[in-house]
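Chain naming here is simple, since letters A, B, ... match the order of the sequence lines and numbering starts at 1 in each.
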Number of protein chains: 2
Amino acid sequence: MFQLDRQGNKPLYEQIKEKMKALIINGALKPDERLPSVRELAQTLTINPNTIQKAYKELETEGFIYSIRAKGNFVAPLEQKIIRPRRDELKNELEKIVAELIYLHEPQEQLIATIQAIYKEKEEKKDD
Amino acid sequence: MFQLDRQGNKPLYEQIKEKMKALIINGALKPDERLPSVRELAQTLTINPNTIQKAYKELETEGFIYSIRAKGNFVAPLEQKIIRPRRDELKNELEKIVAELIYLHEPQEQLIATIQAIYKEKEEKKDD
DNA sequence: TGACTGTACTATAAGTAATAATACAGTTAA
DNA sequence: TTAACTGTATTATTACTTATAGTACAGTCA
């Protein structure tokens with residue numbers, strides 16, 4: 001499914017969160033699709049089940065997945081009420097990055113071309 | 001100069017790094033301008049000088065400031081050889097954010113308008 | 001029934017973050 | 001030259017975080 005970096009950079013549970021989020025966002029995991037169980041994924045990645053549990057728990061509070069006791073963890077369909085605040089957060093992070101790119105003299109046209117390329121790529125790969 | 005959030009969110013030294021970076025990036029601190037001394041800033045923020053020192057040290061290894069022993073820490077002028085790798089890092093982070101914005105159905109035109117607005121704002125405020 | 005699920009709890013070890021107190025050596029202005 | 005400032009380094013201590021380990025409980029389901 002994915003691999004982790006053990007060289008003490010980021011905490012393992014943070015890495016798991018990021019990887020899972022990426023799979024959900026790029027559509028590799030569909031809404032209501034089941035995630036690997038905590039024990040299963042722990043064995044695959046050879047880490048402790050508690051670490052997976054921590055990652056899943058935070059993904060749930062952030063609205064990316066939901067969990068059903070004794071059945072599993074599942075990809076949460078997009079909820080309208082989550083969109084607005086999350087979009088605002090993302091735009092805030094975006095502004096910092098763009099500000100630094102401007103500081104590095106990134107031309108406006110070039111950055112916009114980059115954005116358009118990302119949209120085009122996602123448009124082509126979407127199959128949901 | 002700025003304030004810190006003591007409610008255990010992010011480490012203090014990380015917050016200091018971010019705030020200083022922001023001041024450098026938006027031009028509030030000019031190249032070769034002197035930063036507050038570690039003891040001075042520590043007193044202002046009522047935190048430990050070692051915490052400031054840690055932040056400054058990392059800002060130096062990241063190329064944002066340089067330090068002269070017994071004189072102070074200073075804003076580093078932009079170095080050509082730093083630009084390329086840093087720009088690549090930023091574009092990488094940018095791609096993750098844009099991917100999530102697309103997941104949240106942000107229209108391409110709207111995102112581009114946001115980017116243009118940021119450029120316009122920075123253009124107006126630039127006085128270096 | 002048996003094997004799977006999520007969840008909870010306790011304990012332990014290692015690492016990180018922050019504070020505190022000193023110390024040393026170079027700069028600079030009075 | 002002195003006094004007050006600079007960055008830097010070191011050691012110690014405390015609290016928190018990260019990760020592991022083991023165990024347990026209750027619900028699901030073939």
Looking at every strand, decide which applies to [X] at a 4.0 Å heavy-atom threshold: base, sugar-phosphate, or nothing.
X       : result
B:Asn50 : base
A:Tyr13 : sugar-phosphate
B:Glu14 : nothing

Contact under 4.0 Å: [X] side-chain N or O vs [N] OP1/OP2:
X       : N      : result
A:Thr51 : D:dT20 : yes
A:Arg34 : C:dG6  : no
A:Arg6  : D:dT20 : yes
A:Lys54 : D:dT18 : yes
A:Ser37 : C:dC4  : no

Nearest-Å distance for atom pair [atom1]/[atom2], residues [X] and [N]:
X       : N      : atom1 : atom2 : result
A:Lys71 : D:dT28 : NZ    : C1'   : 8 Å
B:Asn48 : D:dT10 : CG    : P     : 17 Å
B:Lys10 : C:dA17 : NZ    : C1'   : 16 Å
B:Glu40 : D:dG7  : CD    : C1'   : 14 Å
B:Gln43 : D:dC5  : CD    : P     : 10 Å
A:Ile47 : C:dA13 : CD1   : C1'   : 17 Å
A:Leu12 : D:dT17 : CG    : P     : 17 Å
A:Ile68 : C:dT5  : CD1   : P     : 14 Å

Restricting to non-hydrogen atoms, name the atom on [X] and the atom on [Y] that form the minimum distance, rounded to 0.1 Å.
X       : Y       : answer
A:Gln15 : A:Asp5  : OE1-N, 2.8 Å
A:Pro36 : A:Met20 : CD-CE, 4.0 Å
B:Leu35 : B:Phe74 : CD1-C, 4.1 Å

Residue closer to the 5' end of DNA chain D, B:Lys57 versus A:Pro11 (nearest nucleotide): B:Lys57

Side-chain ion pair, A:Glu62 and A:Arg86, N-O less than 4.0 Å: no

B:Lys57 atom NZ: more than 12 heavy-atom contacts under 6.0 Å: no

Check: A:Arg39 side chain, C:dT5 base, donor-acceptor under 3.5 Å: yes

